[in-house]
Amino acid sequence: MAKNTAYWLMKTEPDTFSIDDLARRKTEPWDGVRNYQARNHMRSMKVGDLVLFYHSNAKPPGVVGLAKISGPARPDPSSWNPKSPYFDAKSSPETPRWDLVEVEFVEKFPRIVALEELRAAPELEGMVVIQRSRLSVQPVTPTHFAHVVRMAKAAGHSTNSPPS
DNA sequence: GCCAACGTTGGC
DNA sequence: GCCAACGTTGGC
């Protein structure tokens with residue numbers, strides 16, 4: 001893994017676009033982000049950066065897999081398409097306001113790492129998703145990233161771990 | 001379905 | 001530039 005890889009968490013509602021949708025499509029232009037902080041995070045992404053793929057408004061909400069950035073930030077055409085649900089009258093091809101990045105499927109975890117588990121893990125203290133749940137594109141520290149991946153590949157918490 | 005948190009808008 | 005009103009997000 002390249003030394004300068006950065007790590008992120010991106011949220012999506014599975015009813016709209018899930019990890020399975022991404023697995024089918026292989027790669028997806030991540031359009032519709034309409035929050036400046038999230039947009040600015042996308043602008044600082046580099047191709048090859050790794051992403052924790054998070055399902056919000058899901059039962060349970062949590063990290064369900066990995067993706068990577070396969071295309072850098074560029075203007076989001078849905079922002080000036082009046083037929084798009086993400087249309088913004090203040091954005092145009094000449095003066096684009098919103099960006100997207102290309103997101104590529106890496107893997108679906110064998111299990112969901114639920115938000116509840118993220119909260120309960122002392123190693124993940126301070127992770128953005130735990131304290132600022134509304135930000136849809138967030139930076140993740142390398143340490144936190146590695147820990148979430150480790151959790152995904154270990155047995156789950158009490159509800160589905162084997163009897164002791 | 002509720003509602004707290006929080007981002008955005010717009011009047012002043 | 002402040003801040004109240006409003007809209008949205010997202011966990012529960």
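To find a chain, count down the sequence lines: A is the first, B the second, and so on, and within it residues start at 1.
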In residues 30-39 of chain A, what donor-acceptor pairs under 3.5 Å come from side-chain atoms, sequence neighbours left out?
{"residue": "A:Arg34", "atom": "NE", "partner": "A:Tyr86", "partner atom": "O", "Å": "2.9"}
{"residue": "A:Arg34", "atom": "NH1", "partner": "A:Asp76", "partner atom": "OD2", "Å": "3.0"}
{"residue": "A:Arg34", "atom": "NH2", "partner": "A:Asp76", "partner atom": "OD2", "Å": "3.2"}
{"residue": "A:Arg34", "atom": "NH2", "partner": "A:Ser78", "partner atom": "OG", "Å": "3.0"}
{"residue": "A:Arg34", "atom": "NH2", "partner": "A:Tyr86", "partner atom": "O", "Å": "3.1"}
{"residue": "A:Asn35", "atom": "OD1", "partner": "A:Gln37", "partner atom": "N", "Å": "3.0"}
{"residue": "A:Asn35", "atom": "OD1", "partner": "A:Ala38", "partner atom": "N", "Å": "2.9"}
{"residue": "A:Tyr36", "atom": "OH", "partner": "A:Arg97", "partner atom": "NH1", "Å": "3.0"}
{"residue": "A:Gln37", "atom": "OE1", "partner": "A:Arg132", "partner atom": "NH2", "Å": "3.4"}
{"residue": "A:Arg39", "atom": "NH1", "partner": "A:Arg97", "partner atom": "O", "Å": "2.8"}

Using a 3.5 Å cut-off and no angle test, enumerate the donor-acceptor pairs between side-chain atoms of residues 56-65 of chain A and protein atoms at least two apart in sequence or in another chain.
{"residue": "A:Asn57", "atom": "ND2", "partner": "A:Glu13", "partner atom": "OE2", "Å": "3.3"}

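Regarding contacts with the backbone of C:dG11, a side-chain N or O of A:Tyr54 is found under 4.0 angstrom from either OP1 or OP2.
Positionally, the nearest nucleotide of DNA chain B for A:Asn57 lies more toward the 5' end than for the other of A:Asn57 and A:Arg34.
The closest side-chain heavy-atom distance from A:Arg150 to A:Glu123 is not below 4.5 Å.
To the nearest angstrom, C1' of B:dG7 lies 14 Å from NE2 of A:His41. B:dC6 atom C1' lies 11 Å from atom CG of A:Leu135, rounded to whole Å. Whole-Å rounding puts the A:Tyr86 OH to B:dT8 P distance at 17 Å. Look at CD on A:Gln37: it is 11 Å from P on B:dC6, rounded to the nearest Å. A straight line from NZ of A:Lys59 to P of B:dG1 spans 11 Å, rounded to a whole angstrom. We find that CG of A:Asp15 is positioned 13 Å from P of C:dG11, with the value rounded to whole Å. Between the CG atom of A:Asp88 and the P atom of B:dT8 there is a distance of 11 Å, rounded to whole Å. In this structure, CD of A:Gln131 is placed 14 Å from C1' of B:dC6, rounded to the nearest angstrom.
Closest contact between the side chain of A:Ser56 and the listed nucleotides B:dT8, C:dG10, B:dA5 involves C:dG10. Of the candidate nucleotides C:dC12, C:dT9, B:dT8, C:dT9 has the atom lying nearest to any side-chain atom of A:Arg134.
More than 12 heavy-atom neighbours from other residues, nucleotides or ligands sit within 6.0 angstrom of CZ on A:Arg43.
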